[in-house]
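Quantities reported herein were computed from a predicted structural model and do not represent experimental measurements.
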Amino acid sequence: MTRPAQVILDLPALSHNLSRVRQLTPGRHIMAVIKANAYGHGMIRAARALQDADAFAVACLDEALLLREAGISQPLVLLEGFFSAAELPLLTQHRLIPVIHHEGQLAILERSRLAAPLTVWLKVDSGMHRLGLAPDKLSAVWQRCNDCPSLHVAGFMTHLANADYRNDPLTLLQVECFNQAVAPYSGLHSIANSAAILNWPQTHGDWVRPGIMLYGASPFADSVGENHGLQPVMGLYSQLMAVNLFKRGDRIGYGGEWECPEDMAVGVVAMGYGDGYPRHARSGTPVLVNNRRVPLIGRVSMDMICVDLRSQPHARCGDPVCLWGASLPVEEVARSAGTIPYELLCRVTSRVHIQSNRE
Ligand SMILES: *Cc1c(COP(=O)(O)O)cnc(C)c1O
């Protein structure tokens, strides 16, 4: 590694966060959500650190196959189900559990001859209006599933649109809609994402589906993971690669948007949007230099950002920089960039070297 941009993962924090989920949802089963490369943390590494989970949830077949190839043997749920009949042999061969969210998928199953039994979850649209079977279609779908030889329905799931808004009336309406829709049928129930696990105990059901909280970040706009007993897993680090002195009135970076209010030192950090640092992070976004906060100044470039070093006139090239991590919540950086921690964690790019404290 030459350029100092790197991610350091705290893997024991992942298992700590999983035990926090257990503590909040006693007696429930946990489907740990590790889609999208485990929110940027590395899917296989995350699956190993979370081996006490009862199952893993990924988006699709390709993600599940990577886990099976790595020897991960837990039940794997495909949250988007399958996209074509060609996937079915691999689903049965690897004992994968697709979510059926659309009648088109059921039609594919009816036309196919399954080589082995297939377990599925049925997804109900209880009001988010993205994926899911309309409640009034459920009785026909249930009948068609029962008429499919080798098809076994494990249970019913739904997804909440506003669980991260603490008093939003939609959540309880969705729960009521879901409970009513599935009441006539036998099967397990799964509703809760991280926000619901933390804020809506009446959604916990049989299986919970935590994602972001496993990585130590808060799903709410007004808190950070630590407020919920969570520990951040990902730290994004780099170093100062240059320290330059400028005069009052000098303009910094592309577009010259930031103007030096006095003669001052400006630090250049080897980190930019090409590494996944958000380009829309505003001037003033906190950055840690030598573990102390300094403000980002000017526009984020592909490979670099600039920071105001007036509070640290003795900072030097090579000094350590933290962009987010245990001492600087990713939630705060996300807010300052007009986005959510999910996006920042997911989009760290492959040129950033990843190191974890257990490898
Ligand atoms: C991604 C996802 C989750 C996890 O959501 P978090 O907010 O990260 O906890 C749960 N359920 C479904 C269906 C998802 O797609």
Side-chain angles (χ1 to χ4, degrees), residues 7-43 45-57 159-160 162-166 171 190-201 203-205 207-237 276 278 286 288 291 322-337 339-348 354-358:
V7 158
I8 300 181
L9 297 177
D10 181 359
L11 294 181
L14 264 179
S15 36
H16 165 87
N17 297 333
L18 180 62
S19 27
R20 182 79 185 110
V21 176
R22 282 238 184 268
Q23 200 179 40
L24 288 161
T25 62
R28 319 301 169 115
H29 286 89
I30 301 176
M31 200 183 281
V33 180
I34 55 172
K35 64 191 180 192
N37 201 26
Y39 293 41
H41 294 68
M43 193 171 50
R45 164 189 307 120
R48 292 193 176 129
L50 295 168
Q51 56 189 338
D52 293 337
D54 303 295
F56 293 118
H159 198 49
L160 299 171
N162 293 2
D164 54 327
Y165 298 102
R166 290 171 205 274
T171 297
S190 176
I191 305 176
N193 57 3
S194 297
I197 289 168
L198 290 163
N199 194 48
W200 302 92
T203 65
H204 289 180
W207 280 84
V208 293
R209 308 191 304 269
I212 193 75
M213 68 185 294
L214 294 173
Y215 309 101
S218 166
F220 306 108
D222 59 357
S223 66
V224 298
E226 197 186 346
N227 302 134
H228 307 285
L230 303 167
Q231 298 172 358
V233 178
M234 182 191 289
L236 180 63
Y237 299 95
L288 299 181
N291 222 20
C322 172
L323 290 310
W324 62 72
S327 317
L328 178 58
V330 65
E331 293 91 334
E332 201 179 327
V333 179
R335 232 164 279 146
S336 200
T339 184
I340 53 177
Y342 296 75
E343 187 184 14
L344 296 194
L345 297 175
C346 271
R347 72 177 193 186
V348 172
I354 300 190
Q355 215 183 306
S356 67
N357 54 6
R358 251 195 215 161

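- Using a cut-off of 4.0 Å between Lys/Arg side-chain N and Asp/Glu carboxylate O, Asp54 and Arg22 are scored as salt-bridged.
- For the pair Leu214 and His41, the minimum side-chain heavy-atom distance is 4.5 Å or more.
- Pro329 has its side chain out of reach of Glu226: every pair of non-hydrogen atoms, C-beta onward, lies at least 4.5 Å apart.
- Annotation: the span from Leu18 atom CG to Gln51 atom CD amounts to 10.0 Å, rounded to 0.5 Å.
- Side-chain atoms of Asn199 and Phe220, non-hydrogen and from C-beta on, do get closer than 4.5 Å to each other.
- In this structure, Pro219 and Asn193 have side chains that are not in contact, with every pair of non-hydrogen atoms separated by 4.5 Å or more.
- Considering CG of Leu328 and CG of Leu236, their distance stands at 10.0 Å, rounded to 0.5 Å.
- Between Asp52 and Ile30 the shortest side-chain heavy-atom distance does not fall below 4.5 Å.
- Listed by chain and number, the residues in a ring-ring contact (aromatic ring centres under 6.0 Å, His included) with His159 amount to none (sequence neighbours excluded).
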*Show your reasoning for whether side-chain contact (heavy atoms from CB on, under 4.5 Å) applies to Met213 and Val21.*
CA-CA 8 Å; Met213 68 185 294; Val21 176; 3.7 Å; yes
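- Note that the CZ atom of Arg209 and the CZ atom of Arg28 stand 14.0 Å from one another [nearest 0.5 Å].
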*Are Tyr342 and Val330 close enough, and set up right, to give a side-chain contact (heavy atoms from CB on, under 4.5 Å), and what steps lead you there?*
CA-CA 9 Å; Tyr342 296 75; Val330 65; over 6 Å; no
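- The shortest side-chain heavy-atom distance between Arg45 and Leu9 falls under the 4.5 Å cut-off.
- Every residue meeting the side-chain contact (heavy atoms from CB on, under 4.5 Å) condition with Ser327, not counting sequence neighbours, appears here in chain and number order: Leu288, Asn291.
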*Please test Tyr165 against Thr171 for side-chain contact (heavy atoms from CB on, under 4.5 Å), starting from the C-alpha separation and ending with a verdict.*
CA-CA 9 Å; Tyr165 298 102; Thr171 297; over 6 Å; no
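- Residues Leu344 and Tyr39 fail the side-chain proximity criterion, which asks for heavy atoms closer than 4.5 Å.
- Taking the side chain as every heavy atom from C-beta outward, Met234 and Val348 approach each other to under 4.5 Å.
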*asked:* For Arg166 and Asp222: C-alpha separation, side-chain torsions, deciding distance, then whether side-chain contact (heavy atoms from CB on, under 4.5 Å) applies.
replied: CA-CA 10 Å; Arg166 290 171 205 274; Asp222 59 357; 2.8 Å; yes
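- For Glu343, the side-chain hydrogen bond (donor to acceptor under 3.5 Å, both in side chains) partners two or more places apart in sequence, or in a different chain, are Thr339, Arg347.
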